[in-house]
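Remarks on the structure that follows.
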Amino acid sequence: FPSHDRTIEDIADHLAKHVNLFSIPVGSLDGLVNLRQGLCQISGAHLLDENGEYNTPFVRRLFPDRVVELITLAHRTQGLILAKGNPKGIRSVADLANRKVRFVNRNLGSGTRLWTDIQFKKLGLPFEEVNGYDTVVKTHHEAASLIVEGQADAAIGLQAAAHKIELDFITLFEERYDFILPSEQEKKLNPLLEYIQTADFRNMRLIS
(Lines give C-alpha, C1' and ligand atoms only; values in the text may rest on other atoms or scores of the structure.)
Protein backbone atom coordinates (compact mmCIF):
# COMPACT_ATOMS: atom_id res chain seq x y z
CA PHE A 1 0.00 0.00 0.00
CA PRO A 2 2.04 3.04 -1.16
CA SER A 3 -0.74 5.50 -0.24
CA HIS A 4 -1.18 5.60 3.52
CA ASP A 5 -4.37 5.54 5.54
CA ARG A 6 -4.46 4.51 9.17
CA THR A 7 -7.40 2.24 8.45
CA ILE A 8 -5.06 0.20 6.26
CA GLU A 9 -3.00 -0.59 9.35
CA ASP A 10 -6.17 -1.83 11.06
CA ILE A 11 -6.99 -3.94 8.00
CA ALA A 12 -3.47 -5.40 8.07
CA ASP A 13 -3.85 -6.33 11.74
CA HIS A 14 -7.25 -7.92 11.15
CA LEU A 15 -6.04 -9.99 8.19
CA ALA A 16 -2.62 -10.92 9.59
CA LYS A 17 -3.52 -14.62 9.68
CA HIS A 18 -4.57 -14.62 6.03
CA VAL A 19 -2.34 -12.17 4.16
CA ASN A 20 0.69 -9.98 4.89
CA LEU A 21 0.03 -6.30 4.17
CA PHE A 22 2.72 -3.63 4.30
CA SER A 23 1.92 0.09 4.06
CA ILE A 24 4.50 2.54 2.69
CA PRO A 25 3.24 6.18 2.56
CA VAL A 26 4.81 7.53 -0.64
CA GLY A 27 1.69 9.38 -1.85
CA SER A 28 -1.13 8.49 -4.22
CA LEU A 29 0.62 9.33 -7.50
CA ASP A 30 3.87 7.56 -6.67
CA GLY A 31 1.77 4.68 -5.38
CA LEU A 32 0.15 4.24 -8.79
CA VAL A 33 3.58 4.44 -10.46
CA ASN A 34 4.84 1.73 -8.11
CA LEU A 35 1.80 -0.35 -8.94
CA ARG A 36 2.46 0.08 -12.64
CA GLN A 37 6.06 -1.06 -12.12
CA GLY A 38 5.00 -4.15 -10.20
CA LEU A 39 6.51 -2.95 -6.93
CA CYS A 40 3.24 -3.49 -5.05
CA GLN A 41 -0.01 -5.42 -5.52
CA ILE A 42 -2.52 -2.72 -4.54
CA SER A 43 -2.50 1.03 -3.94
CA GLY A 44 -4.77 3.64 -2.41
CA ALA A 45 -5.42 6.97 -4.13
CA HIS A 46 -7.34 10.22 -3.78
CA LEU A 47 -6.11 12.15 -6.83
CA LEU A 48 -8.29 14.95 -8.20
CA ASP A 49 -8.00 15.51 -11.94
CA GLU A 50 -8.44 18.97 -13.48
CA ASN A 51 -11.81 17.84 -14.84
CA GLY A 52 -13.05 17.31 -11.29
CA GLU A 53 -12.97 13.50 -11.34
CA TYR A 54 -11.12 11.43 -8.76
CA ASN A 55 -8.56 8.75 -9.61
CA THR A 56 -10.04 7.30 -12.82
CA PRO A 57 -8.23 9.67 -15.26
CA PHE A 58 -4.87 8.93 -13.60
CA VAL A 59 -5.50 5.19 -13.75
CA ARG A 60 -6.44 5.38 -17.43
CA ARG A 61 -3.24 7.28 -18.25
CA LEU A 62 -0.96 4.97 -16.26
CA PHE A 63 -2.64 1.67 -17.20
CA PRO A 64 -3.83 2.07 -20.81
CA ASP A 65 -3.02 -1.53 -21.65
CA ARG A 66 -4.09 -3.36 -18.48
CA VAL A 67 -7.34 -4.31 -16.75
CA VAL A 68 -7.38 -2.48 -13.42
CA GLU A 69 -10.07 -2.42 -10.74
CA LEU A 70 -11.07 0.63 -8.71
CA ILE A 71 -12.88 -0.04 -5.43
CA THR A 72 -14.16 2.94 -3.45
CA LEU A 73 -13.08 2.59 0.14
CA ALA A 74 -14.61 5.79 1.50
CA HIS A 75 -15.57 9.41 0.96
CA ARG A 76 -13.54 11.62 3.28
CA THR A 77 -13.71 15.24 4.41
CA GLN A 78 -10.63 17.42 3.97
CA GLY A 79 -10.09 20.98 5.10
CA LEU A 80 -7.98 23.34 7.18
CA ILE A 81 -6.51 21.75 10.30
CA LEU A 82 -5.90 24.55 12.80
CA ALA A 83 -4.58 25.10 16.31
CA LYS A 84 -7.26 24.79 18.98
CA GLY A 85 -9.19 28.06 19.19
CA ASN A 86 -7.75 29.15 15.82
CA PRO A 87 -5.62 31.95 17.34
CA LYS A 88 -4.48 33.20 13.91
CA GLY A 89 -8.08 33.66 12.73
CA ILE A 90 -7.64 31.52 9.61
CA ARG A 91 -10.85 31.15 7.59
CA SER A 92 -9.82 30.10 4.09
CA VAL A 93 -6.94 28.89 1.91
CA ALA A 94 -6.26 32.51 0.95
CA ASP A 95 -5.34 33.25 4.59
CA LEU A 96 -2.32 30.97 4.21
CA ALA A 97 -0.67 33.84 2.31
CA ASN A 98 -0.32 35.69 5.63
CA ARG A 99 3.38 35.48 6.50
CA LYS A 100 2.47 35.21 10.18
CA VAL A 101 0.73 31.92 9.47
CA ARG A 102 3.03 28.89 9.55
CA PHE A 103 1.82 26.27 7.11
CA VAL A 104 2.81 22.59 6.98
CA ASN A 105 2.54 20.95 3.56
CA ARG A 106 2.15 17.39 2.30
CA ASN A 107 4.67 15.48 0.20
CA LEU A 108 4.81 15.68 -3.58
CA GLY A 109 2.69 13.00 -5.20
CA SER A 110 0.09 12.95 -2.44
CA GLY A 111 -3.53 13.68 -3.32
CA THR A 112 -3.68 16.45 -0.72
CA ARG A 113 -0.59 18.17 -2.14
CA LEU A 114 -2.05 18.01 -5.65
CA TRP A 115 -5.30 19.63 -4.46
CA THR A 116 -3.40 22.28 -2.49
CA ASP A 117 -1.19 23.29 -5.42
CA ILE A 118 -4.24 23.58 -7.69
CA GLN A 119 -5.95 25.89 -5.20
CA PHE A 120 -2.88 28.10 -4.78
CA LYS A 121 -2.66 28.46 -8.56
CA LYS A 122 -6.37 29.33 -8.82
CA LEU A 123 -5.85 32.03 -6.18
CA GLY A 124 -2.76 33.37 -7.96
CA LEU A 125 -0.81 32.66 -4.78
CA PRO A 126 2.92 32.05 -5.47
CA PHE A 127 4.18 29.05 -3.52
CA GLU A 128 7.14 31.01 -2.19
CA GLU A 129 4.78 33.45 -0.46
CA VAL A 130 3.36 30.69 1.75
CA ASN A 131 5.31 30.50 5.00
CA GLY A 132 6.09 26.80 5.40
CA TYR A 133 5.25 25.62 1.90
CA ASP A 134 8.54 23.68 1.91
CA THR A 135 7.82 22.15 5.33
CA VAL A 136 6.68 18.71 4.21
CA VAL A 137 5.28 15.66 6.01
CA LYS A 138 4.05 12.33 4.65
CA THR A 139 0.75 11.87 6.50
CA HIS A 140 -2.21 13.88 7.77
CA HIS A 141 -1.41 12.73 11.30
CA GLU A 142 2.13 14.12 11.09
CA ALA A 143 0.76 17.47 9.93
CA ALA A 144 -1.72 17.60 12.79
CA SER A 145 1.00 16.65 15.28
CA LEU A 146 3.20 19.60 14.22
CA ILE A 147 0.27 21.93 14.93
CA VAL A 148 -0.29 20.40 18.37
CA GLU A 149 3.42 20.82 19.11
CA GLY A 150 3.25 24.52 18.19
CA GLN A 151 5.54 24.16 15.17
CA ALA A 152 2.83 25.13 12.68
CA ASP A 153 -0.51 26.95 12.62
CA ALA A 154 -2.30 25.29 9.71
CA ALA A 155 -2.35 22.33 7.36
CA ILE A 156 -4.72 20.92 4.80
CA GLY A 157 -5.80 17.44 5.80
CA LEU A 158 -8.45 15.06 7.02
CA GLN A 159 -11.18 16.04 9.45
CA ALA A 160 -10.59 12.74 11.28
CA ALA A 161 -6.92 13.65 11.87
CA ALA A 162 -7.92 17.01 13.37
CA HIS A 163 -10.67 15.63 15.59
CA LYS A 164 -8.54 12.76 16.85
CA ILE A 165 -6.26 15.19 18.69
CA GLU A 166 -8.90 17.89 19.30
CA LEU A 167 -7.76 20.52 16.81
CA ASP A 168 -10.02 23.02 15.04
CA PHE A 169 -11.17 22.21 11.53
CA ILE A 170 -12.78 24.09 8.63
CA THR A 171 -14.26 21.90 5.88
CA LEU A 172 -13.02 22.62 2.35
CA PHE A 173 -13.98 19.61 0.21
CA GLU A 174 -15.05 15.97 0.07
CA GLU A 175 -12.81 13.43 -1.63
CA ARG A 176 -13.08 9.84 -2.83
CA TYR A 177 -10.48 7.35 -1.62
CA ASP A 178 -10.14 4.27 -3.82
CA PHE A 179 -8.20 1.04 -3.81
CA ILE A 180 -6.60 0.31 -7.19
CA LEU A 181 -5.44 -3.18 -8.12
CA PRO A 182 -4.62 -5.03 -11.35
CA SER A 183 -7.23 -7.72 -12.01
CA GLU A 184 -4.60 -10.48 -11.84
CA GLN A 185 -4.09 -9.63 -8.15
CA GLU A 186 -7.75 -10.11 -7.24
CA LYS A 187 -7.47 -13.76 -6.21
CA LYS A 188 -4.42 -13.12 -4.02
CA LEU A 189 -6.13 -10.17 -2.33
CA ASN A 190 -9.51 -11.83 -1.93
CA PRO A 191 -9.40 -11.85 1.92
CA LEU A 192 -8.89 -8.08 1.86
CA LEU A 193 -11.61 -7.48 -0.72
CA GLU A 194 -14.09 -9.58 1.25
CA TYR A 195 -13.27 -7.88 4.55
CA ILE A 196 -13.83 -4.31 3.30
CA GLN A 197 -17.39 -5.28 2.34
CA THR A 198 -18.30 -6.26 5.90
CA ALA A 199 -20.34 -4.15 8.32
CA ASP A 200 -17.52 -4.27 10.87
CA PHE A 201 -15.14 -2.61 8.45
CA ARG A 202 -17.67 -0.04 7.23
CA ASN A 203 -18.15 1.16 10.80
CA MET A 204 -14.46 2.09 11.07
CA ARG A 205 -13.35 5.71 10.70
CA LEU A 206 -10.75 6.54 8.04
CA ILE A 207 -7.72 8.55 9.10
CA SER A 208 -4.16 8.92 7.81
Side-chain angles (χ1 to χ4, degrees), residues 1-15 18-19 21-36 38-79 81 106-107 109-116 118-119 138-141 156-164 169 171-208:
F1 283 105
S3 182
H4 179 259
D5 189 290
R6 208 161 200 179
T7 301
I8 294 169
E9 296 175 9
D10 293 330
I11 293 172
D13 290 340
H14 183 85
L15 297 176
H18 308 285
V19 61
L21 300 177
F22 300 95
S23 177
I24 305 172
V26 299
S28 295
L29 187 56
D30 286 347
L32 291 181
V33 172
N34 287 344
L35 190 65
R36 172 70 192 182
L39 300 177
C40 59
Q41 286 73 48
I42 187 171
S43 186
H46 53 116
L47 293 164
L48 181 63
D49 190 67
E50 292 181 353
N51 67 7
E53 186 177 6
Y54 271 98
N55 299 327
T56 304
F58 294 89
V59 171
R60 285 174 179 161
R61 288 194 287 268
L62 284 168
F63 299 90
D65 55 346
R66 296 174 65 184
V67 179
V68 178
E69 298 181 31
L70 277 78
I71 301 170
T72 297
L73 190 67
H75 290 85
R76 314 188 299 183
T77 301
Q78 288 229 45
I81 301 176
R106 286 296 308 283
N107 53 304
S110 69
T112 303
R113 174 65 171 267
L114 179 62
W115 186 93
T116 300
I118 289 173
Q119 299 310 305
K138 290 186 176 180
T139 69
H140 299 278
H141 180 72
I156 294 174
L158 288 176
Q159 182 180 44
H163 287 178
K164 184 176 179 65
F169 183 82
T171 298
L172 294 176
F173 65 101
E174 300 290 325
E175 68 174 9
R176 195 182 83 220
Y177 187 95
D178 293 335
F179 277 162
I180 298 95
L181 65 150
S183 60
E184 65 267 20
Q185 298 293 340
E186 183 176 351
K187 185 175 181 180
K188 183 182 296 184
L189 295 168
N190 194 53
L192 164 66
L193 301 179
E194 288 185 349
Y195 175 57
I196 64 175
Q197 301 302 319
T198 65
D200 285 347
F201 171 76
R202 289 294 171 182
N203 288 330
M204 294 168 60
R205 296 178 65 185
L206 291 175
I207 177 172
S208 66

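One is the number of the first residue; the rest follow in order along the sequence. Heavy atoms only: backbone and side chains are in, while hydrogens, waters and symmetry mates are out.
Between Leu32 and Ser43 the shortest heavy-atom distance is N-OG, 4.0 Å. Across all their heavy atoms, Gln197 and Leu193 have their closest contact at CG-O, 3.3 Å. For Ile180 against Val68, the heavy-atom pair with the smallest separation is CG2-CG1, 3.2 Å. Nearest heavy atom pair, residue Leu29 against residue Phe58, reads CD1-CD2, 4.2 Å.
Distance check: Cys40 SG to Asn34 CG gives 5.5 Å after rounding to the nearest 0.5 Å. To the nearest 0.5 Å, atom CD1 of residue Ile81 and atom NE2 of residue His163 are 9.5 Å apart. Note: Gln159 CD to Thr171 OG1 = 5.0 Å, rounded to the nearest 0.5 Å. To the nearest 0.5 Å, atom CG of residue Leu70 and atom OG1 of residue Thr72 are 7.0 Å apart. Here CG of Asp178 is found 9.0 Å from CD1 of Ile71. Values are rounded to the nearest 0.5 Å. Annotation: the span from Ile42 atom CD1 to Leu35 atom CG amounts to 8.5 Å, rounded to 0.5 Å.
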Exercise for the section: Would you sort out whether Ile196 and Leu73 count as a side chain to side chain contact (heavy atoms under 4.5 Å, CB included), showing the intermediate values? Expected result: CA-CA 8 Å; Ile196 64 175; Leu73 190 67; 4.1 Å; yes
Exercise for the section: Starting from the C-alpha separation in whole Å, work towards a yes-or-no answer on side chain to side chain contact (heavy atoms under 4.5 Å, CB included) for Ile156 and Gln78. Expected result: CA-CA 7 Å; Ile156 294 174; Gln78 288 229 45; 4.2 Å; yes
Problem - Worked check of side chain to side chain contact (heavy atoms under 4.5 Å, CB included) between Trp115 and Ile118 - result: CA-CA 5 Å; Trp115 186 93; Ile118 289 173; 5.8 Å; no
Practice task
Evaluate side chain to side chain donor-acceptor pair (under 3.5 Å) for Gln41 paired with Gln185, printing each intermediate quantity in order.
Solution key: CA-CA 6 Å; Gln41 286 73 48; Gln185 298 293 340; 5.0 Å; no
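Side-chain atoms of Thr77 and Glu174 include a donor-acceptor pair closer than 3.5 Å. Side-chain contact, Glu186 with Asn190: no donor N or O sits under 3.5 Å from an acceptor N or O.
Judged by distance alone, the side chain of Ser28 and the main-chain N or O of His46 form a donor-acceptor pair under 3.5 Å. Checking side-chain atoms of Arg76 against main-chain N and O of Tyr177 turns up no donor-acceptor pair under 3.5 Å. Within the 3.5 Å criterion, the main-chain N or O of Leu47 finds a donor-acceptor partner in the side chain of Asn55. Side-chain N or O atoms of Arg176 include none that pairs as donor or acceptor with a backbone N or O of His75 at under 3.5 Å. With His140 contributing its side chain and Leu158 its backbone, the two residues share a donor-acceptor pair below 3.5 Å. A donor-acceptor pair under 3.5 Å is absent between the side-chain atoms of Ser110 and the main chain of Arg106, judged by distance alone.
Considering only heavy atoms from C-beta on, Val67 stays 4.5 Å or farther from Pro182 through its side chain. Residues Phe179 and Leu192 form a side-chain contact, since some pair of their non-hydrogen atoms from C-beta on lies under 4.5 Å apart.
A salt bridge is defined here as a Lys NZ or Arg NE, NH1 or NH2 lying under 4.0 Å from an Asp or Glu carboxylate O, and Asp49 with Arg60 fails to meet this definition. Taking the charged nitrogens against the carboxylate oxygens, Asp65 and Arg36 do have a contact shorter than 4.0 Å, which makes a salt bridge.
The side-chain tip of Arg66 does not point at the ring of Phe63 from less than 6.0 angstrom away and within 45° of straight on.
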